[in-house]
Each structure stands twice: as structure tokens, then as C-alpha cells.
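Worksheet: the structure to be examined is printed underneath.
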Amino acid sequence: MNYRGRFAPSPTGPLHFGSLVSALASWLDARAHRGAWLVRVEDIDGPRTVPGAAQDILATLERFGMRADEPPVWQSTQIPRYQKALEQLKAAGLVYPCGCTRKEIADSLLHAHARNTTLAYPGTCRNGLHGKPARAWRLRVPDGDAAIITFEDRWQGQQVQNLATEVGDFVLRRADDQWAYQLAVVVDDADARITHIVRGADLMDSTARQIYLQRCLDLPTPQYLHVPVVTNEHGEKLSKQNGATALDCDKPLEALSAAARHLGLNLDGGASGGTYMTLEDFYSAAIAAWSKRMSLTV
Ligand code: GLU
């Protein structure tokens with residue numbers, strides 16, 4: 001198999017423990033399959049991108065011994081590809097312009113909630129803008145059984161999501177003129193011929209949308225594996241926004257051993273996992289433990 005995996009950090013701050021766990025899982029899976037591991041910098045969300053953060057993340061990965069097999073791809077250089085994908089969807093009649101403001105959508109969802117029905121986008125602009133200016137582009141999701149997307153997650157098991165009732169027609173091009181993550185990630189993973197996606201379980205909820213979009217664009221669907229997210233003491237996903245601290249680059253083995261423990265990898269044959277003396281020793285033990293845990297026979 002021609003395995004190609006990737007780690008796709010958003011440069012909203014330095015690498016923290018939560019993102020290290022995702023990076024490590026994707027790296028171990030690629031190495032355990034003797035495949036390629038790529039890095040993509042997801043820097044198209046202008047308002048959230050922090051200057052210098054991408055270089056910082058790349059340097060930290062390097063310092064932690066995770067070197068990409070190809071030069072990193074920067075999403076900001078891929079814009080014409082997103083435009084082309086949107087044009088393809090327009091030509092197929094699968095997208096429509098939406099004039100709803102955030103407030104209008106929130107109000108209608110509030111109504112829906114009061115009626116105890118769906119929280120999905122109600123499809124207000126499906127059949128026209130009703131005189132409102134176009135703000136965003138949405139992908140039309142199917143009705144009925146066609147809206148049910150099922151996939152087998154290699155870690156979490158079978159997943160089912162009904163796009164019509166749980167998500168609704170979703171945005172590909174945002175009102176603030178930014179490309180939506182859902183479109184960019186699908187186009188980029190296909191361009192890079194990614195076969196296996198390994199990332200945090202916070203993105204599980206996006207996967208059905210991405211699979212549907214792959215089908216609309218005639219693209220292959222990779223295999224998915226979502227690792228448990230790291231939470232803070234309040235049970236919230238650890239993120240740069242809620243104060244996750246940058247990793248200590250002077251102690252990569254400590255952080256890597258903790259990340260391996262989070263992934264349930266038993267590295268020293270004992271209960272607690274061990275701290276290794278060299279990155280090489282750590283990785284060879286971690287790759288073996290990952291292969292065992294994922295029952296890989298490559
Ligand atoms: N850039 C996304 C994040 O940092 C990850 C996207 C992905 O792995 O699909 O949360």
C-alpha cells in the first residue's frame with residue numbers, strides 16, 4: 001500500500017500538548033505503515049493566524065524528531081484550487097449563495113430549538129436569496145437516506161451522521177471571504193493523495209461533511225482515525241485559546257512520553273510508560289507499541 005498520512009496544524013499559536021498528541025499519532029501510524037508523513041500548515045483562516053506560529057510549530061516538530069518526508073504545504077498557496085473546486089460544485093448545481101446573517105441563523109435555530117426540532121441550518125436560501133445580498137456559499141446536502149453518512153473510524157468504531165438533520169447545508173466559502181476549513185481540507189488531502197487521516201476526535205463531527213464533499217467532487221475517501229482529545233481540568237479540549245502552554249523544547253522526551261501515554265501506548269512493558277534516553281529509542285518503542293495497539297501487520 002502507498003500510505004500517505006499528514007499532520008495539519010493551524011498556526012494559531014505554538015505547538016501544545018494537545019496538538020503534539022495528534023502529531024505523534026499521525027507520525028506513528030505513518031511510520032508503522034512504512035508510509036510517508038506530510039505536514040500542511042492550515043494558514044487560511046486569516047483572523048486566527050498568528051505571525052511566526054507556523055515556523056515555530058515546524059521547528060518544534062523537527063526538534064521532537066518528526067521530520068516531514070516532503071516540504072510542508074501552506075494552504076495560503078492553494079487558493080486557486082479551492083476556487084476551482086467551488087466552480088466545479090457550482091457547475092453541478094450543488095452549491096448556492098446564502099444571504100443569512102449569523103443573527104438570522106441563530107434566531108431561526110432558537111425557534112427550532114424551542115420547537116425541539118433540528119439545529120441544522122434551516123435551508124433559508126436554498127431556493128433564492130429573497131432580495132438579500134449573497135454572503136456565503138453553501139453545499140446542498142441531500143434529503144432522506146442519502147443524507148446518512150456512515151464510516152468506520154479506526155479508533156472510535158462505526159460512526160453515523162445524518163447531514164440533513166444534524167448539520168444542514170454547510171458553508172464552503174464564508175461571509176468574511178475566507179475559504180471554509182471543510183472545503184480546503186478535502187481539496188488539500190486529495191491533492192496530496194492522503195490515504196490515512198489521523199487527528200483529534202474534536203474533528204470527528206466534521207468527517208461526514210468531508211466524506212460527502214469528497215463524493216460531490218469525485219475524490220477518494222481516505223481512512224480515518226480520531227484519537228481522544230486532551231482536556232484541561234474543566235474537561236474542555238486543550239487549545240491555544242484556553243491557555244494551553246507551549247511545549248518545552250528542551251525536554252522533548254518527557255512530552256513525547258506523556259503523549260504516548262495519552263494514546264494508551266505501553267512503552268516500557270510496565271504500567272506507567274517510560275521516559276527514554278534518546279528520540280531514536282523512544283520512536284522505535286512507540287512505533288512497535290502503536291502497531292500492536294492498532295493490530296497492524298505491516
Ligand atoms: N487544522 C486543524 C486543526 O489544527 C486540523 C485539520 C485536520 O487535521 O483535518 O485543528
Side-chain angles (χ1 to χ4, degrees), residues 4-30 35-50 53-58 60-61 66 68 72-79 81-82 85 149 151 153-156 159 161 170-172 174 178-214 217 219-232 236-242 244 246-247 259 263:
R4 287 170 70 82
R6 61 22 167 219
F7 173 56
S10 301
T12 53
L15 201 69
H16 58 78
F17 184 65
S19 38
L20 178 69
V21 166
S22 297
L24 178 64
S26 65
W27 165 268
L28 293 178
D29 200 48
W37 184 74
L38 315 181
V39 173
R40 178 172 70 238
V41 178
E42 303 217 316
D43 62 338
I44 48 163
D45 194 342
R48 290 179 63 229
T49 295
V50 173
Q55 286 77 5
D56 196 63
I57 291 172
L58 294 172
T60 306
L61 289 172
M66 287 181 264
V73 169
W74 296 69
Q75 279 193 325
S76 51
T77 65
Q78 305 296 307
I79 304 295
R81 293 177 187 266
Y82 310 143
I149 305 287
F151 66 97
D153 188 89
R154 291 172 54 216
W155 186 296
Q156 316 273 348
Q159 306 296 313
Q161 191 177 55
F170 55 96
V171 170
L172 301 184
R174 291 171 10 191
Q178 307 278 333
W179 292 98
Y181 156 69
Q182 309 293 356
L183 179 71
V185 78
V186 163
V187 169
D188 289 338
D189 283 332
D191 275 346
R193 303 188 315 284
I194 298 300
T195 58
H196 290 71
I197 292 179
V198 176
R199 59 188 179 188
D202 53 312
L203 292 165
M204 180 84 98
D205 187 59
S206 289
T207 306
R209 265 170 277 184
Q210 293 169 15
I211 291 174
Y212 182 64
L213 198 42
Q214 287 152 5
L217 288 166
L219 299 172
T221 291
Q223 292 197 37
Y224 287 94
L225 188 162
H226 289 89
V227 295
V229 291
V230 180
T231 52
N232 65 15
E236 304 156 342
K237 181 201 159 203
L238 201 62
S239 72
K240 294 145 196 167
Q241 287 73 35
N242 68 20
L247 294 162
L263 291 168

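The first residue in the sequence is number 1, and the count goes up from there. Counting starts at 1 for both ligands and their atoms, following the listed order.
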Note every protein N or O atom lying under 3.5 Å from an N or O atom of ligand 1, pairing the names and giving the distance.
unit_1   : atom_1 : unit_2 : atom_2 : d
ligand 1 : 1 (N)  : A8     : O      : 2.7
ligand 1 : 1 (N)  : S10    : OG     : 2.8
ligand 1 : 1 (N)  : E42    : OE1    : 2.6
ligand 1 : 4 (O)  : S10    : N      : 3.4
ligand 1 : 4 (O)  : S10    : OG     : 3.3
ligand 1 : 8 (O)  : R6     : NH1    : 2.7
ligand 1 : 9 (O)  : R6     : NH2    : 2.9
ligand 1 : 9 (O)  : Y181   : OH     : 2.8
ligand 1 : 9 (O)  : R199   : NH1    : 2.8

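- Taking each heavy atom of Y82 and L183 in turn, the nearest pair found is O-CD2, 3.7 Å.
- Of all non-hydrogen atoms in A208 and Q161, the two that sit nearest each other are CB-OE1, 3.1 Å.
- Nearest heavy-atom pair, A259 versus L24, reported as atom, atom and distance to 0.1 Å: CB-CD2, 3.7 Å.
- Scanning both residues, R6 and W37, for their nearest heavy atoms gives C-NE1, 4.2 Å.
- Classification of D29 and R154 as a salt-bridged pair holds, one side-chain N sitting under 4.0 Å from a carboxylate O.
- Within 6.0 Å of atom CZ in R81, 12 or fewer heavy atoms from other residues, nucleotides or ligands are found, so the atom counts as exposed in its surroundings.
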